[in-house]
Amino acid sequence: MTQPTTTLALALREGGYAKAPTPQVPDSLAPFLDLREVALPPLVPGQVLIEVILSPVNPSDLFFVQGGYGQPRVQGHAAGFEGVGRVIATNGADALLGQRVAFLGTGTGAWAQHAIADATLCIPLDDAVSDIDGAALIVNPLTAVALVERARSGGQAFVVNAASSQLGRLILGLARDEGLTAIAVIRRPGEEDALRDAGAAEVLVTNAPDFRAQAATVLKAHKPRVLLDAVGDQATADLFFAMPSGARWVSYGKMSDDAPSLTQMGQFIFMDKHIEGFWLSRWLPSAPADRVAAVVKQVQTRFATGTWTTRVAAELPLHQALDGILPAYATSTGKVMIRP
Ligand SMILES: NC(=O)c1ccc[n+]([C@@H]2O[C@H](COP(=O)([O-])OP(=O)(O)OC[C@H]3O[C@@H](n4cnc5c(N)ncnc54)[C@H](OP(=O)(O)O)[C@@H]3O)[C@@H](O)[C@H]2O)c1
């Protein structure tokens with residue numbers, strides 16, 4: 001097969017970082033992306049070329065295209081951190097040739113007909129894993145395993161907010177299977193029963209009138225010492241300050257555009273409380289290779305057996321993505337997938 005030298009992509013209009021803080025969701029993607037043919041650079045040793053099948057829109061993608069994420073944009077490269085596709089060329093990783101893989105778009109992004117990735121960051125997929133699950137098999141699932149491990153280090157019970165997110169649901173299911181008590185926090189009512197089915201022992205709704213009283217009762221009963229936080233708003237801070245001595249606030253996402261006030265600084269001194277961060281991009285290279293291999297196997301098995309599934313809100317072809325992503329994302333009913 002002749003290797004393509006260009007590909008149709010949702011390409012980044014600017015490089016580097018934004019000059020001011022960015023919102024989680026922009027008003028429009030048009031200032032940040034355009035649909036065009038972009039060059040595919042020659043593969044360097046250890047890289048593969050992938051024909052992309054599906055790629056999800058994750059919250060991190062929306063921060064990234066605006067320049068508000070933890071790594072700089074490369075002008076003219078496709079956006080999109082992960083996806084599923086078939087390897088059509090390699091430079092030194094011939095065992096992957098022809099394989100269907102979950103991949104991280106480390107060479108060029110995944111919102112394109114073709115993407116370049118590092119072979120070491122490609123996961124050959126079992127036939128039992130669907131394209132939908134394969135497309136979102138790395139970013140959230142590996143994070144779920146790493147965060148549940150962190151939750152377990154704090155004891156039997158933990159709190160997780162944005163619990164109706166894809167990642168939140170993965171965390172709830174895994175926590176239940178590992179015998180942990182997960183206290184799910186969501187911002188609005190409606191998903192309580194679904195989250196109990198997914199694995200939550202308790203569900204708290206931050207905009208419910210009795211949220212503070214409910215939270216006090218649940219915290220007293222279960223004494224959670226880890227708060228897995230993807231929101232970062234005042235309700236999160238208030239919940240953390242209501243948790244017992246030794247509690248750790250693990251910030252791994254910033255879905256809220258509001259900054260919280262830290263109202264009880266004395267708790268860091270007198271109650272041994274801590275705030276820390278988690279980023280998969282740091283965890284992955286620092287975890288032992290055998291641990292990562294075991295996590296990848298665990299994750300794939302959970303999808304292959306249907307223990308975990310990926311909810312989909314919409315599937316968009318590339319030419320509809322620029323206008324279609326944000327309205328579909330706003331429904332908050334699952335992943336928006338791009339099918340190039
Ligand atoms: N640090 C890492 O390495 C890492 C890795 C993977 C994911 N993450 C983070 O994990 C989080 C979840 O990712 P995902 O892909 O699972 O997300 P997702 O499925 O797109 O869901 C996003 C969730 O965020 C909630 N949300 C949005 N704005 C909110 C606000 N202002 N206050 C409270 N909740 C809000 C939504 O709640 P509703 O259902 O009420 O709309 C929804 O449940 C994101 O923050 C993502 O960046 C971090």
Side-chain angles (χ1 to χ4, degrees), residues 22-26 55-66 68-71 80-83 104 132-133 135-150 159-174 184-192 194-195 198 200 203-208 211 227-239 249-260 276-287 292 295 299 308-314 325-337:
T22 57
Q24 184 350 156
V25 183
S55 172
V57 177
N58 288 320
S60 52
D61 291 307
L62 297 183
F63 276 123
F64 177 69
V65 299
Q66 299 177 81
Y69 197 60
Q71 64 197 70
F81 282 132
E82 69 175 334
L104 289 177
I132 285 171
D133 290 332
L137 187 121
I138 299 180
V139 173
N140 281 335
L142 298 193
T143 301
V145 176
L147 286 178
V148 168
E149 187 174 81
R150 229 182 252 204
V159 180
V160 54
N161 64 12
S164 56
S165 64
Q166 172 69 14
L167 177 50
R169 288 165 197 259
L170 301 181
I171 288 172
L172 294 177
L174 186 57
V185 180
I186 48 178
R187 59 176 164 172
R188 53 188 169 204
E191 292 289 316
E192 295 91 328
L195 295 183
V203 182
L204 299 170
V205 182
T206 56
N207 75 2
F211 169 64
L227 165 59
L228 300 179
D229 169 36
V231 178
D233 63 354
Q234 195 56 48
T236 307
D238 294 345
L239 199 55
W249 174 352
V250 182
S251 167
Y252 69 92
K254 186 75 186 78
M255 297 306 297
S256 169
D257 292 334
D258 299 331
E276 63 199 55
F278 173 88
W279 191 25
L280 184 67
S281 298
R282 287 192 183 278
W283 182 87
L284 210 45
S286 65
V292 174
V295 172
V299 157
W308 273 347
T309 52
T310 307
R311 296 190 315 151
V312 175
I325 286 175
L326 294 183
Y329 185 86
T331 65
S332 214
T333 51
K335 285 288 150 206
V336 180
M337 293 277 178

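As the structure is a prediction and not an experimental result, all values here were calculated from the model. In listed order, ligands and their atoms are each counted from 1. Numbering starts at 1 and runs along the sequence shown.
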In terms of side-chain heavy atoms, does [X] have a donor or acceptor partner in [Y] at a distance below 3.5 Å?
{"X": "Thr143", "Y": "Asn140", "value": "no"}
{"X": "Asp133", "Y": "Thr310", "value": "yes"}
{"X": "Gln234", "Y": "Asp258", "value": "no"}

With heavy-atom distances below 4.0 Å as the criterion, list the atoms of ligand 1 near [X].
{"X": "Ala230", "answer": "11 (C), 45 (O)"}
{"X": "Gly253", "answer": "45 (O)"}
{"X": "Tyr252", "answer": "1 (N), 2 (C), 4 (C), 8 (N), 9 (C), 10 (O), 48 (C)"}
{"X": "Ser332", "answer": "36 (C), 38 (P), 39 (O), 41 (O), 42 (C)"}
{"X": "Met255", "answer": "22 (C), 24 (O), 26 (N), 27 (C), 28 (N), 29 (C), 31 (N), 35 (C), 44 (C), 45 (O)"}

Report the part of [X] in contact with ligand 1, treating N, CA, C, O as backbone and CB onward as side chain, heavy atoms under 4.0 Å; options are side chain, backbone, both, neither.
{"X": "Pro59", "answer": "side chain"}
{"X": "Trp283", "answer": "neither"}
{"X": "Lys335", "answer": "side chain"}
{"X": "Arg188", "answer": "side chain"}
{"X": "Leu167", "answer": "both"}

Shortest reach to [atom] by a heavy atom, considering only [options]:
{"atom": "atom 32 (N) of ligand 1", "options": "Val139, Thr310, Val231", "value": "Val231"}
{"atom": "atom 28 (N) of ligand 1", "options": "Gln166, Arg311, Arg187", "value": "Arg187"}
{"atom": "atom 3 (O) of ligand 1", "options": "Leu147, Leu280, Asn161", "value": "Leu280"}
{"atom": "atom 43 (O) of ligand 1", "options": "Pro189, Ser165, Gly334", "value": "Ser165"}

Students should be able to answer this: which protein heavy-atom is nearest to [atom], and at what distance?
{"atom": "atom 39 (O) of ligand 1", "result": "Ser164 OG, 3.1 Å"}
{"atom": "atom 25 (C) of ligand 1", "result": "Ala162 CB, 4.2 Å"}
{"atom": "atom 5 (C) of ligand 1", "result": "Thr143 OG1, 3.1 Å"}

Using heavy atoms and a 4.0 Å limit, tell me yes or no: is Asn140 in contact with ligand 1?
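Heavy atoms of Asn140 do come under 4.0 Å of ligand 1.
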Is atom CZ of Arg311 surrounded by more than 12 heavy atoms (other residues, nucleotides or ligands) closer than 6.0 Å?
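Yes, CZ of Arg311 has more than 12 neighbouring heavy atoms, counting only those of other groups under 6.0 Å.
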Looking only at heavy atoms, what is the nearest atom pair of Phe63 and Lys254, with distance?
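Nearest pair, atom of Phe63 first, then Lys254: CZ-O, 3.3 Å.
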For the residue pair Leu62 and Val65, what are the closest heavy atoms and their distance?
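Heavy atoms only, the tightest pair is O-CG2, 3.4 Å.
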